[in-house]
Colleague: 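What follows is a single structure, and I will ask about it in a moment.
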2 protein chains.
Amino acid sequence: MAKHAGVSKAAVSKVIRNDYGVSDAMRERVRRAIDELGYRPQAAARALRGRAFTIGVLMRHIGIPFYAEIMTGLVDQLAESDYQAIMIQGGTRDKTEKRALDALIDRQVDGILLIAPLVGRTQVEQVAREIPTVVLGRHVRSPAYDSIVDDDRVGSELVMDHLIALGHRRIGHITFNQEQGRAAEHVPRIRAETYERVMRDHGFADEIAVVATSYSEEGGYDGARELLSRSPRPTAIFAGSDEAALGVLAALHEAGLSVPDDISVVGYDNTRLAAHPNIALTTVNQDGVVMGRMAGRLLLERIEGRTSAVHFSVVPSLVVRRSTAAPGSG
Amino acid sequence: MAKHAGVSKAAVSKVIRNDYGVSDAMRERVRRAIDELGYRPQAAARALRGRAFTIGVLMRHIGIPFYAEIMTGLVDQLAESDYQAIMIQGGTRDKTEKRALDALIDRQVDGILLIAPLVGRTQVEQVAREIPTVVLGRHVRSPAYDSIVDDDRVGSELVMDHLIALGHRRIGHITFNQEQGRAAEHVPRIRAETYERVMRDHGFADEIAVVATSYSEEGGYDGARELLSRSPRPTAIFAGSDEAALGVLAALHEAGLSVPDDISVVGYDNTRLAAHPNIALTTVNQDGVVMGRMAGRLLLERIEGRTSAVHFSVVPSLVVRRSTAAPGSG
DNA sequence: ATGAAAGCGCTAACAC
DNA sequence: GTGTTAGCGCTTTCAT
């Protein structure tokens, strides 16, 4: 490559990196040679000496619509930089997630975005000492890394206020049963705590009914069946996620109960499906695209040298659809 | 690292790669040092000389449930190897996909899985000359790379036979309007052609009604509205994908038509949502997990040296749910 | 069976 | 403003 342009390797390197100390003529000559040869610098070689120009994203699975929104924002933000986002699946077990995280580190990524990681604060801090790190979806404010969350307290309050304003008081909640250790920073815990607090604040402490399963469709299904078996049964169910709400709807359908006439249902996340007319789920919207874009910005800033931590919170909004109504209207 | 174990770098390298010519004592010593130091080889440095131990997967977006299945199979297959799968989003435009593909190549991946790529055969062949490549979801049999497809002819026949057996003859179809150039290898084209062929074979040539929009929910919505505006309107709609079928359901809902009493709807892909009781979509199941596992196997084989091309076809099956019934039953 | 040495393709520091 | 040089952390070849 350098030979073809009749210049030194260093000159080529400088042109590619837009480094200073290159004459226009030199730049032009190198540019032409690059085009003629279709030359592309090898990321591995660059990584060995400097940067890999790669942002690694760790997520449990792909296939989750909300994650897709995050990626849209991230890619959009990185588009103007020289950085590329690569993704890796961590799975749902500690061990597989660890392996995936190690794989990113081995590949010398310049920044890491952890989406709702299983790994705890201490371990993330260890990684963050070496590599700029942003955690999305964990309510933890470490000085060692940045975080981005939706304000789950506000979102949950929106849900509860909506239901209570409609006249509900026997409201059930389905949450995600996670390990206790670091649960305080976990989203399901915050949504559940807010649910309980609002219930108490309104004098409905006796009506509190929380079932801990998971945020999956299956978890919602099981949770709803459990809630329905109680007597009297709730007039509304606040599922901790849209996924779980889908399971709730399935269980209600199976039980021959109609929504919202017999029972109101609320989700959280505003996945694309919630908007479908056959579902029409009242839910909380958190702007994943904005969160992803912010993640990209924070990572680029850290790569450029910022060391102080930034903790960003997105304000959610309630989207009211046809799955909620006043109780006993059917 | 080598110093800590009191051996040469070459010895460490051999132990890590399970190369021959290492005594048990040496292996033991190196292993212990690795554990003590928590040593991990840098992929970038390895890539420069040998392999990156990385499989790159290019897909349009994450967030597509079927792609998640493919990844599950791929990761499962690679779990027993030293290879890691990383994903990159190509987006829906030629240009962004090209950029993503280049990014994988720059990162020296050892193998590439292209999921329903926009890029055409010639360009893929160029890549495949350098890097083992598997294409999933394109009906093209190149001698230069492997391919994995669902047998879309069989799947589409299953759909049509089902509808015709129920008594439908005015069946509409919604397809994906792609560039004509290389359309022959594209899935939507094959599904549409099979639809037309079966219609003709049964003497329903006059009833053929194809609307070309896209395989998205919006595309299905628009397509359905177009089909409903015709007179007489179809008694059944075969949407080319579940996504599109969701849009069809939305349009029917809006038009006050009930499914399946007024009109039957069939999708394709058996995404998780199709199974939800509020949707209950009759659709075609293609085993994404099997396809992903096969992709991993083919890539590993190619990395090990296979040069002849393998073309693998998965046999789909029909999943009948409540969105189809005999015509005029309502 | 083991180690010394060369070199993969870049970047950074320095000399000119 | 440009070229030369050293070296990033591995793998590979070749002595020993």
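Reminder, nothing fancy here: chain letters follow the sequence lines and each chain counts from 1.
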Colleague: Would you mind telling me which of C:dA13, D:dT12, C:dG9 lies closest to the side-chain atoms of A:A10?
Modeller: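 Given the options C:dA13, D:dT12, C:dG9, the side chain of A:A10 is closest to C:dA13.
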Colleague: For a quick check of understanding: with a heavy-atom distance under 4.0 Å over all strands, which category does B:R17 fall into, base, sugar-phosphate or nothing?
Modeller: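 Result for B:R17 = base.
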Colleague: Classify A:Y39 by what it touches in the nucleic acid, base, sugar-phosphate, or nothing, heavy-atom distance under 4.0 Å.
Modeller: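 A:Y39: backbone/sugar contact only, no base atoms under 4.0 Å.
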Colleague: Rounded to whole Å, how long is the line connecting atom CD1 of A:I16 with atom P of C:dT11?
Modeller: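 From A:I16 CD1 to C:dT11 P: 6 Å.
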Colleague: Of the options C:dG3, D:dG3, C:dG9, whose atoms approach the side-chain atoms of A:A45 most closely?
Modeller: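 Ranking C:dG3, D:dG3, C:dG9 by closest atom to the A:A45 side chain puts C:dG9 first.
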Colleague: Report the residue (A:A44 or B:G6) whose heavy-atom-nearest nucleotide on DNA chain C is the more 5′ of the two.
Modeller: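 Whichever sits nearer the 5' end wins; that is B:G6.
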Colleague: For the atom pair OG (B:S313) and NE2 (B:H139), what is the distance rounded to the nearest 0.5 Å?
Modeller: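 That separation rounds to 7.0 Å.
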Colleague: Return the value, rounded to whole Å, for the distance between atom CG of A:D19 and atom P of D:dT2.
Modeller: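 Value for this atom pair: 13 Å.
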Colleague: Working to the nearest 0.5 Å, report the span between OG of A:S142 and NE2 of A:H311.
Modeller: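 Answer for the OG-NE2 pair, A:S142 versus A:H311, is 6.5 Å.
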Colleague: Identify which nucleotide among D:dG3, D:dT2, C:dA6 has an atom closest to any side-chain atom of B:K9, counting heavy atoms from C-beta outward.
Modeller: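 That would be C:dA6.
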Colleague: Atom CE of A:M26 and atom C1' of D:dG1: how far apart are they, to the nearest Å?
Modeller: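 A:M26 atom CE is separated from D:dG1 atom C1' by 7 Å.
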Colleague: Between A:D106 (side chain) and B:A43 (backbone), is there a donor-acceptor pair under 3.5 Å?
Modeller: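 Such a contact is absent between A:D106 side chain and B:A43 backbone.
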Colleague: Rounded to whole angstrom units, what separation is found between the CD atom of A:Q42 and the C1' atom of C:dT11?
Modeller: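 Whole-Å distance recorded here is 14 Å.
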Colleague: Would you kindly give the OH-to-P distance between B:Y20 and C:dT2, to the nearest whole Å?
Modeller: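 Roughly 14 Å, once rounded to whole Å.
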Colleague: I'd like to know if A:R49 reaches the base of D:dG7 with its side chain such that a donor and an acceptor end up less than 3.5 angstrom apart.
Modeller: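 When only heavy-atom distances are counted, A:R49 does reach the base of D:dG7 through a donor-acceptor pair under 3.5 Å.
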Colleague: For a quick check of understanding: with a heavy-atom distance under 4.0 Å over all strands, which category does B:S13 fall into, base, sugar-phosphate or nothing?
Modeller: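 Counting heavy atoms under 4.0 Å across all strands, the contact made by B:S13 includes a base.
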Colleague: In whole angstrom, give the distance that lies between atom CD of B:Q108 and atom P of C:dC10.
Modeller: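 Those two atoms, CD and P, are 9 Å apart.
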Colleague: How close or far is atom C1' of D:dC8 from atom CZ of A:R107, stated in whole angstroms?
Modeller: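 Value for this atom pair: 18 Å.
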Colleague: Are the charged groups of A:R51 and A:D82 less than 4.0 angstrom apart, N to O?
Modeller: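 Salt bridge absent between A:R51 and A:D82.
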Colleague: Atom CG of A:L48 and atom C1' of D:dC10: how far apart are they, to the nearest Å?
Modeller: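 Between C1' of D:dC10 and CG of A:L48: 8 Å.
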Colleague: Quick one: label A:V12 by what it contacts on the DNA or RNA (base, sugar-phosphate, nothing), any heavy atom closer than 4.0 Å.
Modeller: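 No contact at all - A:V12 keeps every heavy atom at 4.0 Å or more from the nucleic acid.
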Colleague: Is there a donor-acceptor pair under 3.5 Å between the side chain of B:D110 and the backbone N or O of B:I55?
Modeller: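 A pair under 3.5 Å: no.
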